[in-house]
Amino acid sequence: MKYEIVMGLETHVRVKSATKMFCSCRNAVALAEEPNENVCGVCMGFPGMLPVLNDKIVDLAVRASNAMRMTVNEVSKFDRKSYFYPDLPAGFQITQLFHPIAEHGEVKTMVEGVEKTFRIHRMHIENDAGKLVHAGSSTLLDYNRAGSPLMEIVTEPDFRSKADVVAYLEELQKIMRWCGASDADMEKGQLRCDVNISIRPVGSSELNNRVELKNLNSFSAIGRAIDHEFARQIEIVESGGRITQETRGWDDEHGESRSQRSKEDAMDYRYFPEPDLPPLVVSKEYVLERAVKELPMDRRRKYLNEFGLGEDDARILSNERTLSDYYEELVRLTGDAKKSCSYVTTVLFAIIQEYNNNSVFGDIKTFADVPAAELARVIALVNGDELSSTNSKTVVEELFENGGSTDEIVDRLGLRQVNDSSALEAVVEQVITEFAAQVAEYQAGKIQLFGFLVGSCMKASKGQGNPKMFTEMLKKRLG
Ligand SMILES: [Zn+2]
């Protein structure tokens with residue numbers, strides 16, 4: 001390859017607040033409302049209507065900044081970005097150009113098995129525009145989204161492949177859910193990403209003119225758009241041309257991009273300080289109170305390196321906070337990270353899937369239906385040879401479906417394993433007498449009959465005998 005691709009991302013993340021950024025209209029978290037239902041004079045830009053900043057948005061933006069290990073500025077300021085478009089009724093957007101709420105952070109993630117760090121340049125908060133709905137020859141306007149809060153997260157040009165981009169976005173999505181700032185669901189428009197792409201000869205450190213790709217609506221569309229743009233730029237340069245600095249819209253259906261406009265400068269937007277809002281001041285204490293200590297990636301690394309889990313288990317158990325916290329609690333109670341992992345990802349997940357697949361009335365149950373303390377008790381009984389691992393699945397199933405306590409279930413179902421050697425020896429004697437013919441065959445060299453004899457002991461003890469002890473006793477007795 002003669003050329004390398006250099007990319008930076010600008011991502012808009014919808015803040016998960018109940019109300020919009022500067023008014024009390026309901027935030028357009030999902031897009032399932034009737035059009036123009038959640039609007040008022042403020043978000044419709046009526047003259048004389050004044051914005052009031054929603055403090056929940058500051059709260060969540062600070063949590064998100066902390067999760068991206070950013071420096072939160074003690075003072076940030078709002079600016080007006082003026083432009084005309086029908087989806088922007090005020091004629092300007094309130095954003096933060098000169099003094100953003102947070103700067104200089106990083107997102108760490110795994111790309112194809114290798115840990116990588118992507119630097120965050122800055123994050124600012126701003127309000128969203130409405131939505132144009134094209135219907136045949138006419139265009140409709142829906143302002144439900146107008147004034148909804150966004151965090152714009154701008155990275156450094158640290159991306160060298162589409163795998164980098166997708167891994168970063170997936171991690172960003174996890175982080176946003178983890179700290180509660182956003183559900184970051186791309187399909188619901190809660191996460192939107194523009195990619196700035198330029199190319200350069202391998203080994204060069206110069207940054208060339210870049211193209212901003214917009215309208216990327218899914219992870220797979222992002223991958224296709226990057227491949228296409230990389231090839232397009234190489235072709236232009238190879239044929240002696242120059243890359244025009246511009247914004248291009250990706251058309252995923254036709255697999256091509258179209259020029260939307262030449263890249264504008266900040267000057268074109270007539271930015272100036274927003275006169276209706278005071279500077280935003282957040283104290284150091286406020287920021288500290290919203291610290292996000294461990295991130296999904298920290299847990300994933302811990303599960304891999306300290307707990308010795310496999311790649312897949314480490315990822316699955318660190319993806320989502322409630323499950324990860326549940327697993328951590330289980331490990332704290334059992335002191336057995338590997339067995340805790342297999343009881344969650346193998347035993348419990350299988351039971352949940354089976355149940356939810358067969359659920360007629362759509363009632364969905366989760367791992368939380370089995371309290372960590374009860375599952376920990378199951379593992380303790382198995383580790384203490386009081387419950388066989390086969391029977392432990394029955395107990396987890398019962399806990400999942402009907403609740404109750406582990407010990408009560410084990411006793412009620414008669415599953416407590418018998419470890420009393422005199423009782424077990426009596427069973428062994430009984431089996432040896434009953435199956436004298438098989439014993440003789442075994443002793444004559446048909447060693448595969450040993451399993452049959454252990455199984456017969458288990459059967460005779462109604463599944464309650466300790467199979468390990470039966471094995472030892474039979475070996476000793478039969479030589
Ligand atoms: Zn409103």
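All ligand and atom numbering here is 1-based and tracks the order in the structure. We're numbering straight along the sequence, starting at 1. All values below come from the heavy atoms of this structure, side chains included, with hydrogens, waters and symmetry mates left out.
Not a single ring pair (Phe, Tyr, Trp, His ring centres under 6.0 Å) links His121 to another residue, sequence neighbours left out. In this view, Arg69 and Glu106, Val292, Leu295, Asp298 satisfy the side chain to side chain contact (heavy atoms under 4.5 Å, CB included) rule, not counting sequence neighbours. In terms of the side chain to side chain donor-acceptor pair (under 3.5 Å) criterion, residue partners of Arg192 (sequence neighbours excluded) are, by chain and number, Asp128.
Taking the six-membered ring where the residue is Trp, the centroids of Tyr168 and Phe159 are separated by under 6.0 Å.
Taking the six-membered ring where tryptophan is involved, the planes of Tyr271 and Phe98 are perpendicular, since the angle between them exceeds 60° and thus also 30°.
No side-chain donor from either of His12 and Glu10 sits under 3.5 Å from a side-chain acceptor of the other.
Protein N/O/S atoms found under 2.8 Å from the Zn ion (ligand 1), listed by chain and residue number: Cys23 SG, Cys25 SG, Cys40 SG, Cys43 SG.
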